[in-house]
2 protein chains.
Amino acid sequence: MGRTSDVKERLLEVAFDLISDHSYGSVSVDQICLRAEVNKGSFYHYFPSKSDLALAAYEEHWREKQPELDRIFSSQYPPLTRLQLWCNYIRERQRWKAEKFGHVCGCPYSSLGTELATQDERIRAKAEELVDRSLRYLESTLAEAKQQGVAGFTDAKLTARRIHSTVLGILLHAKIRNQLAVLDDLEPSVMNILRIPQAA
Amino acid sequence: MGRTSDVKERLLEVAFDLISDHSYGSVSVDQICLRAEVNKGSFYHYFPSKSDLALAAYEEHWREKQPELDRIFSSQYPPLTRLQLWCNYIRERQRWKAEKFGHVCGCPYSSLGTELATQDERIRAKAEELVDRSLRYLESTLAEAKQQGVAGFTDAKLTARRIHSTVLGILLHAKIRNQLAVLDDLEPSVMNILRIPQAA
DNA sequence: AAAGTAATTGACCGGTCAGTCAACGCATGC
DNA sequence: GCATGCGTTGACTGACCGGTCAATTACTTT
């Protein structure tokens, strides 16, 4: 056995940060290596290409985020509470990222996805997969909500997709306008789709 | 006076096509020049930089598209009909582009916007502006709809933004999944937000 | 037809891109 | 205590990047 190191982990983290802060195309392998304090040779020791790194970095990011989502969508909470927690989570996370990076970043998966959907089939497929994983939380939450009769919809899967589209659309808006305030309508929009009357 | 030519127009058209088909970062000035059959020197005779060309190309694209939108949102039609026409227009346009380019392209303005929102302030602002122009059609349509009492909402501006976000979100989904079928839910989603019962 | 000006050309620039490679540590297993 | 093999190094490659420029061409005006 040779030595071990955290080079791979550093590359994954730096790559995700830089790409979601800027864009895939505008971030170079050199920049990633510089920030991660890794030699270029080492980079290509761990990853066969830049796109392979991006793939791994985004998968890793999901892996780290998943426990948080499991907590938010815990069966401990009533379905509607989960949705509210989720909306707040997104808002807080965007606020945190905006502070860290100096601008609203939107959904990293769909940003990467839109940029490369027509360029790199593997990355498109990965973005689709990551986006679908969030969708699954929504689907099961809405299935439960329907069973409990707490909302005014019939097709849980369809409604989950609509909520998901709306949330992605609002995040997109927030990024393009660079305004966190756009996210204030996240929860009301979701509740509106579900026909849940809102408090003032 | 010296000579005149259509070099500028060719560059604008080719640039819009290539960038919306692929992405800003993955399209080079050389590629644009090659496709437009223009020498690189000529390019920089007409545009001071690549981003200036993108700016001009997207503005020009709107200029060409606007008459179509004016027709769709014509006062000749009842408000709800305008929205239906709009949804169909988006779907047909995406279908046409998908045939032309070989994959679903989504909304060009928000694609460029998300890619460069955190990179290039001028392009971010232009994307915001272009997106806002569509929003204006929605706002006035909904204001009229409200006045006629044909839909179940109170705040026309807010509802316009929600519809807009939803539509952008669905387009985003369609692009990431590379599935035109996603767009079938465009009109139902909009009508759902407006509380208009749908025919089967 | 000459003057003046806008359009065009394509070679050229320095820098950066993703990716390569042969040589070199260094911790471990034996 | 040395051989094994992973981890590391950084100079290097050739293509390509956005952008420049001085010389040339072609058209309009007078």
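Protein chains get the first letters and strands the later ones, always in sequence-line order, with residue 1 at the start of each.
Nearest heavy-atom pair across B:V190 and B:C87 is CG2-SG, 3.9 Å.
For the salt bridge (charged side-chain N to carboxylate O under 4.0 Å, His left out) condition, the pairs that include at least one residue of residues 95-118 of chain B, sequence neighbours left out, are B:D17-B:K100, B:E92-B:R95. Applying the ring-ring contact (aromatic ring centres under 6.0 Å, His included) rule to pairs touching residues 158-178 of chain A yields A:H164-B:H173, A:H173-B:H164, sequence neighbours excluded. Sorted by first and then second residue, the side-chain hydrogen bond (donor to acceptor under 3.5 Å, both in side chains) pairs involving residues 32-41 of chain A (not counting sequence neighbours) are A:D30-A:K40. The ring-ring contact (aromatic ring centres under 6.0 Å, His included) pairs that include a residue from residues 113-161 of chain A are A:F73-A:Y137, where partners are two or more places apart or lie in different chains.
With sequence neighbours left out, B:D155 forms a salt bridge (charged side-chain N to carboxylate O under 4.0 Å, His left out) with no residue at all. By the side chain to side chain donor-acceptor pair (under 3.5 Å) test, A:Y77 pairs with no residue at all, sequence neighbours left out. Contacts of A:R122 classified as salt bridge (charged side-chain N to carboxylate O under 4.0 Å, His left out), with partners at least two apart in sequence or in another chain: A:D52. The side chain to side chain contact (heavy atoms under 4.5 Å, CB included) search around A:A127 returns B:I176, not counting sequence neighbours. Every residue was checked against the side chain to side chain donor-acceptor pair (under 3.5 Å) condition with B:Q84, not counting sequence neighbours, and none meets it.
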(request) Could you please spell out the steps behind the salt bridge (Lys or Arg N to Asp or Glu O under 4.0 Å) verdict for B:R124 and B:E121? (result) CA-CA 5 Å; B:R124 190 208 59 78; B:E121 170 55 23; 2.9 Å; yes
Review item, nucleotides 13-15 of chain C N/O atoms under 3.5 Å of protein N/O:
none

Might you list the N or O atoms of the protein lying below 3.5 Å from N or O atoms in nucleotides 20-23 of chain D, with each pair's distance?
none

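Annotation: proximity of residues 12-37 of chain A to DNA chain C (heavy atom, distance under 4.0 Å) is found for A:V27, A:S28, A:V29, A:D30, numbered in ascending order.
Between B:H45 and C:dT8 there is no side-chain N or O to OP1 or OP2 distance below 4.0 Å. At C:dG10, one or more side-chain N or O atoms of B:N39 fall inside 4.0 Å of OP1 or OP2 (strictly under the cut-off).
Spacing between atom CG of A:L53 and atom P of C:dC17 amounts to 15 Å, rounded to whole angstrom units. As a whole-Å value, the separation of A:F43 CZ from D:dG10 C1' is 16 Å. To the nearest angstrom, C1' of C:dT8 lies 13 Å from CG of B:D6.
Nucleic acid contact class of B:V7 (heavy atoms, under 4.0 Å, all strands): sugar-phosphate only.
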